Amino acid sequence: MVTGQTASPLEAQASMLLGASRRLGGAGLTSFENNHLVRLGRKARRLAGRQHCYCDLFFPGCKGGQALDVECHGHLAHDSAEQGGLDANRTLALQSMGIDVIFLTYEQLIDEERRHAAIDHIARRAGFRPQPKTEALMQKERALCEELFIDWEALGS
């Protein structure tokens, strides 16, 4: 159910949740690419301090023609002060190239209300018209999330 290669478990989980069809419990958002390579322009290279970067979940043709990068911010890769500075530079570089950046966290995905608000925001920004889910579809979503967001530490017990 992952739409491409991912760089972290959170990216894989978000990819499955956002990309899976609604009948399987997902959001049914299509047309995004995992780990999309962006070659930075001159100004963006100065801002980011690098030649290129990768977008976690990249929606190329969105509302208003502006591309969208959904960045999955898990604790493993983004908790240090140094990484926060690198992320800020990278975000500003992408925005300078006309790519909108939205951050998505594990906490947003595991809490049902926050998950719905985040998915609704991403869907609208990406040009989709979110439709309310029936109770049967909500049960599918809960089952999918139970599988996706299992406690990895408890798995080996």
Side-chain angles (χ1 to χ4, degrees), residues 1-36 38 53-95 98-157:
M1 288 173 41
V2 177
T3 61
Q5 190 172 7
T6 61
S8 74
L10 183 58
E11 287 176 35
Q13 292 164 317
S15 182
M16 288 187 273
L17 180 63
L18 293 177
S21 74
R22 289 167 51 92
R23 67 180 175 75
L24 295 176
L29 305 181
T30 56
S31 72
F32 67 87
E33 179 184 341
N34 293 102
N35 276 330
H36 175 77
V38 175
C53 62
Y54 291 89
C55 297
D56 292 347
L57 283 72
F58 184 75
F59 293 84
C62 297
K63 190 169 119 182
Q66 187 176 22
L68 173 65
D69 172 24
V70 177
E71 283 296 306
C72 300
H73 270 232
H75 296 296
L76 290 176
H78 299 279
D79 269 356
S80 72
E82 179 184 355
Q83 188 60 45
L86 294 172
D87 288 343
N89 292 337
R90 186 183 162 286
T91 298
L92 186 57
L94 289 170
Q95 290 172 335
I99 299 172
D100 193 13
V101 180
I102 293 175
F103 297 98
L104 189 61
T105 66
Y106 180 81
E107 291 76 18
Q108 291 167 337
L109 292 174
I110 61 169
D111 179 86
E112 190 170 297
E113 281 187 38
R114 293 173 79 185
R115 178 174 61 246
H116 291 163
I119 290 172
D120 185 69
H121 179 70
I122 291 166
R124 289 180 191 284
R125 181 56 201 86
F128 293 90
R129 292 179 190 229
Q131 300 296 318
K133 288 186 173 180
T134 64
E135 185 52 40
L137 289 175
M138 286 300 302
Q139 288 175 359
K140 295 275 189 179
E141 178 186 308
R142 289 182 192 111
L144 176 62
C145 287
E146 193 172 298
E147 290 289 324
L148 289 177
F149 304 110
I150 189 167
D151 180 0
W152 290 90
E153 307 247 337
L155 259 181
S157 307

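Atom set for the values below is all heavy atoms of this structure, side chains included, hydrogens, waters and symmetry mates excluded. All figures in this text were calculated on a predicted structure; none of them were measured in a lab.
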> Hey, are the side chains of I122 and I102 touching, using non-hydrogen atoms and a 4.5 Å cut-off?
Replying inline: yes

> Which heavy atom of L144 sits nearest a heavy atom of G26, and at what distance?
Replying inline: CD2-N, 3.7 Å

> E11 side chain to A7 main-chain N or O, any donor-acceptor pair under 3.5 Å?
Replying inline: yes

> Does the side chain of L109 reach to within under 4.5 Å of the side chain of L10, using non-hydrogen atoms?
Replying inline: yes

> Are side-chain heavy atoms of P60 and E33 found at a separation under 4.5 Å?
Replying inline: no

> Within a strict 4.5 Å, meaning less than it, do heavy atoms of the L24 and E141 side chains meet?
Replying inline: no

>> Just verifying a value: how many Å separate N89 CG and C53 SG, rounded to the nearest 0.5 Å?
In response: 11.5 Å

> Can you check side chain to side chain contact (heavy atoms under 4.5 Å, CB included) on F103 and V70, steps first, answer last?
Replying inline: CA-CA 6 Å; F103 297 98; V70 177; over 6 Å; no

> Residues two or more places apart in sequence or in another chain: which of them pass side-chain contact (heavy atoms from CB on, under 4.5 Å) with E146?
Replying inline: none

>> Quick test of your reading: applying ring-ring contact (aromatic ring centres under 6.0 Å, His included), list the pairs with at least one residue in residues 10-32, sequence neighbours left out, ordered by first then second residue.
In response: F32-F59

> Which residues pass the side chain to side chain donor-acceptor pair (under 3.5 Å) test with E112, sequence neighbours left out?
Replying inline: R142

>> Using side-chain heavy atoms (C-beta onward) and a distance below 4.5 Å, is L17 in contact with R115?
In response: yes

> Residues in side-chain contact (heavy atoms from CB on, under 4.5 Å) with D100, at least two apart?
Replying inline: Q66, L68, R125

> For the residue pair I119 and A27, what are the closest heavy atoms and their distance?
Replying inline: CG2-CB, 3.6 Å

>> Can you tell whether the side chains of R90 and E71 come within less than 4.0 Å, N to carboxylate O?
In response: yes

> For Y54, which residues count as a side-chain contact (heavy atoms from CB on, under 4.5 Å) partner, sequence neighbours excluded?
Replying inline: N35, L37, H52

> Is a side-chain N or O of R22 found less than 3.5 angstrom from the main chain of Q131, in a donor-acceptor match?
Replying inline: yes

> With sequence neighbours excluded, what pairs up with T30 under the side-chain contact (heavy atoms from CB on, under 4.5 Å) test?
Replying inline: F128

>> Between Q108 and H121, do the side chains contain a donor N or O and an acceptor N or O under 3.5 Å apart?
In response: no

> Below 4.0 angstrom, N of the basic side chain to O of the carboxylate: do R114 and E107 qualify?
Replying inline: no

> Any side-chain donor-acceptor pair under 3.5 Å between S15 and N34?
Replying inline: yes

> Are any non-hydrogen side-chain atoms of L57 and D69 less than 4.5 angstrom apart?
Replying inline: no

> So, do I110 and C145 sit near enough that their side-chain heavy atoms are less than 4.5 Å apart?
Replying inline: no

> Given side chains that start at C-beta, do those of C55 and L94 come closer than 4.5 Å, heavy atoms only?
Replying inline: yes

